[in-house]
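Single-structure report; data block below.
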Amino acid sequence: MSNKMHIKLNVNGEDHEFLAEPRELLIHTLRERLNLTGPHVGCETSHCGACTVTIDGKSVKSCTMFVAQANGAEVTTIEGIGSPDALHVLQESFREHHGLQCGFCTPGMITRASKLLEENPNPTEEEVRFGMAGNLCRCTGYQNIVKSILAAAAELNAVKEAAQ
Amino acid sequence: MKDEVQTREDRVAGLKGLGCSRKRVEDARFTQGKGNYVDDIKLPGMLHGDFVRSPYAHARVVSINAEAALALDGVVAVITAKDLEPLGLHWMPTLAGDKQMVLADGKVLFQGQEVAFVVAKDRYVAADAVELVEVEYEELPVLTDPFEALKSDVVLREDLLGDGDTLPDGAHGPRNHPNHIFTWEVGDKDATEQVLSEADVVAEEMVYYHRTHPCPLETCGSVASMDKVNGKLTLYGTFQAPHAIRTVVSLISGIEEHNIRVISPDIGGGFGNKVGAYAGYVCSVVASIVTGVPVKWVEDRMENLMTTAFARDYWMKGKISATKDGKITGLWCHTTADHGGFDACADPTKFPAGFMNICTGSYDIPTAFLSVDGVYTNKAPGGVAYRCSFRVTEAAYFIERMIEVLAIELNMDAAELRRINFIRKDQFPYQSALGWEYDSGDYHTAWDKALESVGYEALRAEQAQRVEDFKAGKTRKLLGIGLTHFTEIVGAGPVKNCDILGLGMFDSCEIRIHPTGSAIARLGTISQGQGHATTFAQILASEIGLPADSITIEEGDTDTAPYGLGTYGSRSTPVAGAATAMAGRKIRAKAQMIAAYLLEVHDNDVEFDVDRFVVKGAPERFKTMKEIAFAAYNQAIPGIEPGLEAVSYYDPPNMTYPFGAYICVMEIDVDTGEHEIRQFYALDDCGTRINPMIIEGQVHGGLTEALAIAMGQEIAYDELGNVKTGTLMDFFLPTAWETPNYTTDHTETPSPHHPIGAKGVGESPNVGGVPAFSNAVHDAFRAFGLRQSHMPHDHWRIWKTANDLGLHG
Amino acid sequence: MIPAAFDYYRPNDVKGVIALLNEHGDDARVMAGGHSLIPMMKLRMAEVPHLIDLQDVVALKGIAIGGGRITLGALVTQHELIDHDGLAQTAPILRETARQIADPQVRYMGTVGGNVANGDPGNDMPGLMQCLNADFTLVGPDGERTVAARDFYEAAYMTAREDDEILVGVSFDAPKGGQAYEKQKRKIGDYATAAAAVVLTKENGTCTSASIAMTNLSDIPVFSQDASDALIGTSVEDNAIRAAVAAMLKDIDPVEDNRGPVAFKQHAASIILTRAIKSAWDRA
């Protein structure tokens, strides 16, 4: 058995320090060590995106990252994207446009979509479909997910415009 | 009073009842990552289980040595069949009346079969220990082809040989070969053969519906917690039928049913995958009993695809006869059903091939015969209804292919052939030749609406031009127009003919109205994304006149919910939805008496109006349901006991028969085999529509699963029985990029026997979608002589079709 | 799917990496984004007792364009390739190729170095690097050396890189003329059924230079000199394309897998190459 490593992570703005085997997968760190069970394990081979989190500004499938690799990083999970009192526009939009059914892919979807809209605030439908292609959903057929993201983009832009 | 300025329409809208696109109450927690799925459950001291699995598809297990694994720090136990045998748990009953090994008992019958269960302090140690368990195998000849299996000397199930010269019967009657499971026959064989022999035209074809898998995004898992102090077992798991699981666990473990609490938490998609009972569930229970602490088992994706619950794998040989004008006279089908190593199909007991006898479809076929032979092979067991009622998608695919083949044989337009053979509106209720009574339908209206919506005539003209252009070398793309008119049979079902393991397939709802006019209702079903918490509240809101927003729906906890058979086969709305309405009506009946008392009139002098009872002819005199609820608890009313509660167990008088007309327009690249969905139109008739938004979402999702199945998704084996499609690289799940936009539409033909006329919709798009996509592929090549090619229509198979037709020059 | 335990190292310079490779020999593997290696480790198909994470080796990062030459550090990600405006100007084929690799999340992690050094015939960058006639820079205990991309691949997962070397970057002349990367795949995230990289130049309607390479159609990426030559001096009319395709077919050696049988792959390769040539010619 390998030695445990001293790991530092900032997750959703909170610092965490602990000892872990380097092989511990980040998704398990988040779910089991930090009790952030929003990100899910769907495929384990980096195809489904249910485990998507944001790490140092990148959308990453946390089932395919060792905690050792993430040492020192800033991580945002669905739990850090909005709160009950201040939902992210995407969270409201997914509800409004029925962009989810069983909810299992939803945290990864929203986390990924938030990054997509950060990088491309005015996506076309094709850009949304391309930018979300790393996240699988088995329930919705994507049509309402795409609709939710496009509507969220429009709303975020309207808010921005109003602020200017 | 505020009420007085509200119009009746306002009051109806305020309820958010039937027919409105109410936003889902489930979404708040799911969008915030606060769902509670089985792998989210963490109990104090919980251990983790993991399986040692067979790398071979057929082998004897010579020995198992767990010494090295047990020596690993953190490993608590390694359980094998030998440990389970004294408890009688080394085998378990299947839903189909067969039995299945929990852990390999001397041999393995499919790749990935469970051989030993390792229990350790965490999943990392468990995985390390799995590697250390040494298993010695002696390989045996492998059978992956059901037709070969029926001829082979290789016996897969020695346990079913008996000791004499004659083969003992199986659960469904006589067996004619050691690898044969059952023969099931429906309809009039002689009459059908006679009709076929005398017909003007007979089209004959072999239609294969390949093996695939429901593959919900969440895999299967369980957490068992045996409380030895109180003698109570709590079992959390991915169960589409929690009450049935409780009864089964009780029967096989000997723990009394009141000491077992089964909880289905949030379920990350089911699609039939989570109907069955799996070795992992049993092993987690045994391990918790042995260790006295909670034990979690969650399969990984590869285990999911390889071992729990395949779907389809039906070889359907068909003959359909017609007059030269196209009037269908007879249908004959023989199906060879590949069930894998154990018969674990999830079908009602009396239906070993499910409702495959709905295979006369939407057509008035006077004479028909169906026979099905089940076969053992060295593949995983399962045979679940993957987003369909039992074997209904196989039946729909079969008849919708046979219609197309007949159209070719008759040189007729396939839309017209359907139209002249539809069961007419005035024929309902309709007795089918294979024994069903279709409740209601208006197929011609739906069909005409669909054809008109897509501009069918213009599409055919465009297609004809495309064929000319192709022949002239101006294009390498063909145009396919995929037609389907499907009829489902859902809502199992009447207890008189539907049970699973002897458990009648009724369902239930229990309602408790609170004094302040809000309510909780509990049901025997369990949502896996269908939005029950939203829609069942809508049914109730319309029935009892309290706002849906004031009604909590709870499912999945067997300690609190009334007994029910769960959610699959589109049975929730037809059965539990009906129970909900009926329980609501009981509430209303009592409320009527209370209202009459409060209004000082006779019971019959008040009538229900949206959210209140009013005095007939004097609408200004009323009591709202909210007021009535308060009075029910707080006012002494002579002759009426306090409280306002009701329970209903609903045994449906019949199934429901949703139907739909789907049209897919597809471009096919003859050279690469790639396709593009240009248009997909889906008209569904699911009777009364409870929540149009949710219906549309169900249709989008089911169509996307159909797209996957038709165009690429399969569980494929090599000749040694190795699974070739064990990860999501090879098992096709479309992304947003490969998925088109769909156009949805509807007609509304209520079910005459359902309390609110609803029929169920979740599975229609899969049942109708697969033939629509597949027919589009076939239709594109019809002008070049294609009659039948097998799914999935992935790039190379479409290329091969084109190549076989000589389209590559 | 849980990987076996390993020791983890995160050196911050190339020297440190080489020292670790020296110390642990075969038992050590370097990892960039990890999206090829980690799934293999989770499936326990790759045994890695000592894992060397390159993420802190700053020297392996960055995109340099100058003097007609482009240099990509081994740790440049597919996402950066897509996002880089300078590259979009000087070598648009890089963006076109990178967009067809994996999916958005994987492209944030997947690197040029990992993609070319791994030797997986399914990877797209090796084929592209054949087409671009890139040089791979390797550093080992004896210092730095350069190996032509076209000499680098020996067999599936077997390359000219020694066990104690790492690939630090790739460089190539900015491609001139028209360029195209065409890929047929079953879905987003899949390897190619067939893919073709084409760069060619056009002068007065005549093809003056051409370079053609194919992906996932042999156990190594295939640069086809004969296919390239078949276009030079022609006006890239149908006959010339047919000749190039015929030459390419002699150089590939596809195997049957879930994507289809050999005959299909040959056909798909022909079509994809034809499209890539036409597209590059249109852009030239």
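First the proteins, then the strands, lettered A, B, ... as listed; each starts at 1.
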Output, in order, the C-alpha distance, side-chain angles, deciding distance and verdict of side-chain contact (heavy atoms from CB on, under 4.5 Å) for A:Glu21 and C:Phe6. CA-CA 9 Å; A:Glu21 277 192 86; C:Phe6 53 81; over 6 Å; no
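Of the two parts of C:Arg99, the backbone and the side chain both hold a non-hydrogen atom closer than 4.5 Å to a non-hydrogen atom of chain A. With a threshold of 4.5 angstrom between heavy atoms, A:Met5 approaches chain C through side-chain atoms but not through N, CA, C or O. Residue C:Ala102 does not touch chain A at all, counting heavy-atom pairs closer than 4.5 Å. There is no contact between A:Cys51 and chain C, counting heavy-atom distances below 4.5 Å. At a 4.5 Å heavy-atom cutoff, the contact between C:Leu51 and chain A is made by side-chain atoms alone. Within the 4.5 angstrom heavy-atom criterion, only side-chain atoms of C:Met31, from C-beta onward, approach chain A.
Other residues, nucleotides and ligands contribute more than 12 heavy atoms inside 6.0 Å of the CZ atom of A:Arg31. Residue C:Lys61 qualifies as enclosed at atom NZ: its count of foreign heavy atoms under 6.0 Å is above 12.
Using a 4.5 Å heavy-atom cutoff, the side chains of C:Asp83 and A:Glu119 are not in contact. When side chains are defined from C-beta on, A:Phe130 does not count as touching C:Pro104, because their heavy atoms never get closer than 4.5 Å. Contact annotation: the side chain of A:Ile55 never approaches that of C:Tyr108 to less than 4.5 Å [non-hydrogen atoms, C-beta and beyond]. Contact of the A:Lys61 side chain with the C:Met109 side chain is not registered, since no non-hydrogen atoms from C-beta on lie closer than 4.5 Å. Between C:Lys42 and A:Glu44 there is a side-chain heavy-atom pair separated by less than 4.5 Å. No side-chain heavy atom of C:Met1 sits under 4.5 Å from any side-chain heavy atom of A:Leu25.
Not one N or O on the side chain of A:Arg23 forms a donor-acceptor pair closer than 3.5 Å with the backbone of C:Ile2.
At a cut-off of 3.5 Å, with distance as the only test, no side-chain donor of C:Gln105 or A:Ser46 sits close to an acceptor on the other residue.
The distance from atom CZ of A:Arg129 to atom CD1 of C:Ile188, rounded to the nearest 0.5 Å, is 11.5 Å. To the nearest 0.5 Å, atoms CG (C:Asp53) and CG (A:Asn71) are separated by 10.0 Å.
The heavy-atom pair separating C:Tyr8 from A:Gln69 by the smallest distance is OH-CA, 3.5 Å. Among all heavy-atom pairs drawn from C:Pro39 and A:Thr64, the shortest one is CD-CG2, 3.9 Å.
Residues of residues 104-115 of chain A that come within less than 4.5 angstrom of chain C, heavy atom to heavy atom, are A:Arg112, A:Lys115 in numerical order.
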